[in-house]
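Keep in mind that what you see is a predicted model, and the values were worked out from it rather than measured.
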Amino acid sequence: KAAWSHVSGTVSSVAGTIAPILPTQGWRIYTVADSMPTFDPATYRLRVGGLVQEPVSFTIEHLRSLPRAEQVTTFHCVTGWTVPNVHWAGVRMSDIYDLVRPLPDAGALQFVSNEQPYIDYLTMQQSLLHEVMLAYEMDGKPLPREHGAPLRLIIPEMYGYKNVKWLGGINLVAHEQLGYWEQLGYDQDAWVGRSNGYSS
Ligand SMILES: Nc1nc2c(c(=O)[nH]1)N[C@H]1C(S)=C(S)[C@@H](COP(=O)(O)O)O[C@H]1N2
Ligand SMILES: [Mo]
């Protein structure tokens, strides 16, 4: 009897507290400009510069030749939709740092989209979190155009707006500034479940 009432209490509290806040699932494609950037493998470059010893313009082949990282992570937009179990492949920031060699006063990164004026920032420390990557593959295929081809930032611990699509440049800078959505009032540190008024 005691065991049954324990289970029953658990079930009803799950139904009562979690079910009503279940997020909707499935991608929404977001853009800020009228048309999506195009990707030409012959001319594409990821320009990494700023406070580094060695600025590098990476071709997509160069990026693909770097150590390949893979992960399966959940993607969360701050508006409430999520996509569970997205399989990403790409490059870790530490492998980029080995080549460009950040200067000691580099404290943050500016991620510049080829879709102007979309921009956002991470601190150097945030960029080295375990599941941060520059992703060139999604679910086993080259990153689709609408998801940011050929390269997007992935930081699953932060809401979608930090996950800049159509990456064209990364500038190492002294300090973070406000990104595109942050200038419009969203939190600079976009931790999933503990920013933008959410608490977990
Ligand atoms: N360049 C660019 N990157 C962007 C956005 C955008 O509008 N432009 N929207 C952001 C937001 S708010 C979210 S939730 C995700 C959505 O990713 P998706 O368009 O691949 O679904 O992209 C993020 N990166
Ligand atoms: Mo978003």
Given side chains that start at C-beta, do those of Phe39 and Ile60 come closer than 4.5 Å, heavy atoms only? yes
Do Trp88 and Glu70 come within less than 4.5 Å of each other through their side chains, counting heavy atoms only? no
Given ring-ring contact (aromatic ring centres under 6.0 Å, His included), test Tyr161 with Tyr186 step by step and report yes or no. CA-CA 9 Å; Tyr161 62 86; Tyr186 288 85; 5.5 Å; yes
Residue pair Gln71 / Val86, side-chain heavy-atom distance below 4.5 Å: no
Under a 4.5 Å cut-off applied to non-hydrogen side-chain atoms, are Asn114 and Tyr44 in contact? yes
Start with the C-alpha gap between Tyr198 and Tyr159, add the side-chain angles, then the distance that decides, and say whether ring-ring contact (aromatic ring centres under 6.0 Å, His included) holds. CA-CA 11 Å; Tyr198 292 97; Tyr159 286 115; 5.6 Å; yes
To the nearest 0.5 Å, what is the distance between OG1 on Thr82 and NE2 on His76? 6.0 Å
For residues 167-184, run the donor-acceptor check on the side chains, cut-off 3.5 Å, and write out each pair with its distance to 0.1 Å, sequence neighbours left out.
{"from": "Asn171", "atom 1": "ND2", "to": "Gln110", "atom 2": "OE1", "distance (Å)": "2.8"}
{"from": "Glu182", "atom 1": "OE1", "to": "Gly179", "atom 2": "N", "distance (Å)": "2.7"}
{"from": "Glu182", "atom 1": "OE2", "to": "Lys162", "atom 2": "NZ", "distance (Å)": "3.0"}
{"from": "Gln183", "atom 1": "NE2", "to": "Leu178", "atom 2": "O", "distance (Å)": "3.2"}

Is it the case that atom CD in Gln125 sees more than 12 heavy atoms from other parts of the structure closer than 6.0 Å? no
Are side-chain N/O atoms of Tyr118 and Thr31 paired as donor and acceptor at under 3.5 Å? no
Are the side chain of Thr123 and the backbone of Gln126 linked by a donor-acceptor contact shorter than 3.5 Å? yes
For the side-chain contact (heavy atoms from CB on, under 4.5 Å) test, which of Leu151, Leu122, Asp120 pairs with Val164? Asp120
Straight-line distance of Arg152 CZ to Leu134 CG, nearest 0.5 Å: 12.0 Å
Looking at Arg68 and Glu137, does any basic side-chain N land under 4.0 Å from a carboxylate oxygen? yes
For Tyr136 against Gly90, the heavy-atom pair lying closest together: CE2-CA, 3.6 Å
